[in-house]
Amino acid sequence: MTPARIAAALAALITALLLQATVVGPALAPAPASLPALLVAAVALVDGPGTGLAFGFVAGLVADLGSEHPAGVLALCWLGVGVSCGALASSLAGVRRDAAVAALACGLAALVSQSLIAVFAGDSNGIVEAIRLVIPATLLDALLALAVVPLVRAFLHSEALRAP
């Protein structure tokens with residue numbers, strides 16, 4: 001990792017978390033569409049499972065520490081998004097396919113994370129709500145992924161951020 005890639009990852013993560021909290025979350029509520037999870041998936045689709053695992057865990061942990069639910073829930077789910085998308089990266093080609101994979105991974109991660117949060121809170125209705133919202137969340141993630149995946153791919157393939 002070069003210092004430029006680390007700085008870019010940090011800037012992208014902070015930007016995604018701020019946009020999620022101020023724009024995406026309130027605009028798309030109650031569906032749990034997640035811009036930071038899509039960022040993790042897009043990075044993993046470009047750089048592979050190792051980078052996806054590390055970036056997903058760090059992004060999830062930062063999001064967990066800034067929220068009210070138990071720490072580690074999003075870190076675990078977004079780590080899974082990073083690994084799964086990174087593992088599929090070499091077998092896929094094309095922005096639309098990458099966006100579809102990212103949206104499906106993020107939709108599944110939203111279902112798992114919302115269900116875990118409901119279990120920890122002792123809220124059986126939370127699991128039902130997570131199941132009810134999985135399809136709208138995945139569709140919204142797909143729309144967001146059509147913008148996020150090409151943008152991340154362009155940045156990570158730029159001369160300044162190209163992998164060593």
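Atom set for the values below is all heavy atoms of this structure, side chains included, hydrogens, waters and symmetry mates excluded. As the structure is a prediction and not an experimental result, all values here were calculated from the model.
Applying the salt bridge (Lys or Arg N to Asp or Glu O under 4.0 Å) test to every pair with at least one member in residues 40-61, sequence neighbours left out, gives these pairs: R5-D47. The list of salt bridge (Lys or Arg N to Asp or Glu O under 4.0 Å) pairs with a residue in residues 115-139, not counting sequence neighbours, reads E129-R132.
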- Is there a side chain to side chain contact (heavy atoms under 4.5 Å, CB included) between V58 and W78 once you walk through the steps? CA-CA 9 Å; V58 169; W78 293 356; over 6 Å; no

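For the residue pair A110 and S113, the shortest heavy atom distance occurs at O-OG, 3.2 Å. Closest of all the heavy-atom pairs between C77 and V112 is SG-CG1, 3.6 Å. The minimum heavy-atom distance between V95 and P150, with the atom names listed, is CG1-CG, 3.6 Å. Residues L39 and A16 come closest through the heavy atom pair CD2-CB, 3.9 Å.
Both V46 and L13 are part of a single hydrophobic cluster, where members link through side-chain heavy atoms under 4.5 Å apart. Follow the hydrophobic side-chain contacts under 4.5 Å out from V119 and you reach L111 in the same cluster. F55 is connected to V148 through a chain of hydrophobic side-chain contacts under 4.5 Å among Ile, Leu, Val, Met, Phe, Trp and Tyr, so both are in one cluster. With hydrophobic clusters built from ILVMFWY side chains whose heavy atoms lie under 4.5 angstrom apart, L140 shares a cluster with V81. In terms of hydrophobic clustering, with Ile, Leu, Val, Met, Phe, Trp and Tyr side chains grouped at heavy-atom distances under 4.5 Å, L139 and V134 are assigned to a common cluster.
The other members of the hydrophobic cluster of L151, by chain and number, are F155, L161 (side-chain heavy atoms under 4.5 Å, ILVMFWY only). Other members of the cluster containing L53 are F57, L61, L65, L79, V83, with ILVMFWY side chains joined at under 4.5 Å, either directly or via other members.
In summary, of the residues considered (L45, V40, V43), a side chain to side chain contact (heavy atoms under 4.5 Å, CB included) with V152 occurs for V43 alone.
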Contacts table for residues 99-108: side-chain donor-acceptor under 3.5 angstrom, sequence neighbours left out:
none

Check: residues 17-38 side-chain donor-acceptor pairs under 3.5 Å, at least two apart:
{"unit_1": "Q20", "atom_1": "OE1", "unit_2": "L35", "atom_2": "N", "d": "2.8"}
{"unit_1": "Q20", "atom_1": "NE2", "unit_2": "A33", "atom_2": "O", "d": "3.0"}
{"unit_1": "T22", "atom_1": "OG1", "unit_2": "L18", "atom_2": "O", "d": "2.7"}
{"unit_1": "S34", "atom_1": "OG", "unit_2": "A37", "atom_2": "N", "d": "3.2"}

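Here CG of L116 is found 10.0 Å from NE2 of H69. Values are rounded to the nearest 0.5 Å.
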